[in-house]
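The block underneath contains the structure these notes are about, expressed in structure tokens.
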Amino acid sequence: MRLFAAVWPPTDVLDHLDLALASVRGAPAGLSSAVRWSARETWHLTVAFYGEVPDGVVPGLTADLAELAAGIEPYELALRGAGVFSHRTLWVGVGGDLETQRAVTRGCVEAGESASGATDNRPRDRPHLTVGRVRPGSRPPRRRSSRPDRPGQRPDMTGPEDEDVAASLVRALAVYEGPRWLVDELALVSSQPGAGRGGGPLYERVETFALGR
């Protein structure tokens, strides 16, 4: 079973983000087609990735995560700003109580190491929610110049062809700030690559752990 631990924003937070992304997906015209947007049901904050976990390991991992969650009081987060990894992966950032969020991450990674011996070596110091991936070879649409270069010349499509698509979207989302929410649970989630909507992953909650005793 392919598993990861995650924090899932509530519906109203996802509604707010969905509305913000709606204004970006189609503007400027053609930019949206350069990005494979993540399905809304996949929007989450990965806390720790465990990979393929034998069924016999799951009860121990579940027990460790339940104990971890019980020792952490609920805390506040908010989606904020945006960024890009490797010029392709577009993400929305996180603000709020990042110290507690990172403590949750450390605890979940350690739980995975204790239960299965697997180590999550991916950097988790920048909590984020992935919203899309730029298709290989994509470029932003060329802009129509407001003034012709020569008298009698028709305005033509101009602009920096080498401008990065993801960077353009990051600039559009740089000032985004969503509503704050109280993180009061942690989820253990299974992942089936390619089994979800549009060929994306299918995520199903295996267990949910309430924060605080």
Side-chain angles (χ1 to χ4, degrees), residues 1-14 17 38-81 83 85-86 89-131 133 178-197 200-213:
M1 187 181 300
R2 187 180 176 91
L3 297 175
F4 64 91
V7 166
W8 226 277
T11 300
D12 63 313
V13 172
L14 297 182
L17 176 61
S38 303
R40 172 180 164 137
E41 60 266 23
T42 68
W43 292 350
H44 67 278
L45 311 178
T46 299
V47 179
F49 180 73
Y50 303 122
E52 293 293 336
V53 176
D55 290 347
V57 170
V58 176
L61 176 59
T62 299
D64 288 348
L65 291 177
E67 182 178 359
L68 171 69
I72 297 175
E73 293 302 316
Y75 58 99
E76 285 192 336
L77 292 180
L79 299 179
R80 179 183 303 162
F85 293 136
S86 303
T89 303
L90 179 68
W91 50 265
V92 171
V94 179
D97 189 352
L98 297 182
E99 182 177 348
T100 300
Q101 177 68 18
R102 292 182 180 120
V104 171
T105 294
R106 289 192 297 271
C108 287
V109 170
E110 290 170 1
E113 293 174 350
S114 174
S116 67
T119 301
D120 182 2
N121 292 319
R122 303 181 187 186
R124 302 289 180 190
D125 57 340
R126 185 180 296 173
H128 64 277
L129 183 155
T130 299
V131 294
R133 290 178 171 81
R180 296 177 73 88
W181 86 91
L182 187 69
V183 179
D184 57 5
E185 65 179 26
L186 176 68
L188 180 63
V189 185
S190 68
S191 170
Q192 299 180 52
R197 181 158 59 100
L202 176 64
Y203 296 149
E204 296 180 326
R205 296 196 185 198
V206 175
E207 193 71 64
T208 300
F209 314 97
L211 299 189
R213 297 188 183 277

Write down the atom of [X], the atom of [Y], and the distance for their closest heavy-atom approach.
| X | Y | answer |
| --- | --- | --- |
| Ala6 | Leu186 | O-CD1, 3.5 Å |
| Tyr203 | Val189 | CB-CG1, 3.7 Å |
| Ser191 | Phe4 | CB-CE2, 3.9 Å |

**Residues which pass side-chain contact (heavy atoms from CB on, under 4.5 Å) with Ala210, listed by chain and number, not counting sequence neighbours** =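 For Ala210, no residue satisfies side-chain contact (heavy atoms from CB on, under 4.5 Å) once neighbours in sequence are set aside.
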**Asked** What residues, two or more places apart in sequence or in another chain, satisfy salt bridge (Lys or Arg N to Asp or Glu O under 4.0 Å) together with Arg133?
**Response** none
**Request:** Please tell me if the side chains of Tyr50 and Cys108 come closer than 4.5 Å, counting only heavy atoms from C-beta onward.
**Result:**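 Result yes, sub-4.5 Å side-chain heavy-atom pair found.
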**Message:** Could you check whether any side-chain heavy atom of Val183 comes within less than 4.5 Å of a side-chain heavy atom of Leu45, counting everything from C-beta outward?
**Reply:** no
**Request:** Rounded to the nearest 0.5 Å, what's the gap from OG1 on Thr130 to CH2 on Trp43? Could you check?
**Result:**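 Result: 11.5 Å between the selected atoms.
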**Request:** Only pairs at least two apart or in different chains count here, so list each salt bridge (charged side-chain N to carboxylate O under 4.0 Å, His left out) that has a residue in residues 40-63.
**Result:**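 For residues 40-63, and leaving out neighbouring residues, the salt bridge (charged side-chain N to carboxylate O under 4.0 Å, His left out) pairs sorted by first residue read Asp15-Arg40, Asp18-Arg40, Glu41-Arg197.
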**Item:** Any pair counted as salt bridge (charged side-chain N to carboxylate O under 4.0 Å, His left out), so long as it reaches residues 183-196, sequence neighbours left out
**Value:** Glu185-Arg205
Listing, residues 56-77 side-chain donor-acceptor contacts under 3.5 Å, not counting sequence neighbours, or none:
{"from": "Thr62", "atom 1": "OG1", "to": "Val58", "atom 2": "O", "distance (Å)": "2.9"}
{"from": "Tyr75", "atom 1": "OH", "to": "Gln101", "atom 2": "OE1", "distance (Å)": "2.5"}
{"from": "Glu76", "atom 1": "OE1", "to": "Arg180", "atom 2": "NE", "distance (Å)": "3.0"}
{"from": "Glu76", "atom 1": "OE1", "to": "Arg180", "atom 2": "NH2", "distance (Å)": "3.2"}

**Request:** Kindly write out the residues that satisfy ring-ring contact (aromatic ring centres under 6.0 Å, His included) with Phe209, not counting sequence neighbours, or none if the list is empty.
**Result:**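 Testing Phe209 for ring-ring contact (aromatic ring centres under 6.0 Å, His included), a comparison that skips the adjacent residues, returns none.
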**Asked** In chain order, what residues pass the ring-ring contact (aromatic ring centres under 6.0 Å, His included) check against Trp8, with sequence neighbours excluded?
**Response** His44
**Asked** Counting distance only, does the side-chain N/O of Ser190 pair as donor-acceptor with the main-chain N or O of Glu204 below 3.5 Å?
**Response** yes
Which pairs would a plain distance check flag for residues 90-98, meaning a side-chain donor or acceptor within less than 3.5 Å of a matching protein atom at least two apart in sequence or in another chain?
{"from": "Asp97", "atom 1": "OD1", "to": "Thr100", "atom 2": "N", "distance (Å)": "3.1"}
{"from": "Asp97", "atom 1": "OD1", "to": "Thr100", "atom 2": "OG1", "distance (Å)": "3.1"}
{"from": "Asp97", "atom 1": "OD2", "to": "Thr100", "atom 2": "OG1", "distance (Å)": "2.8"}

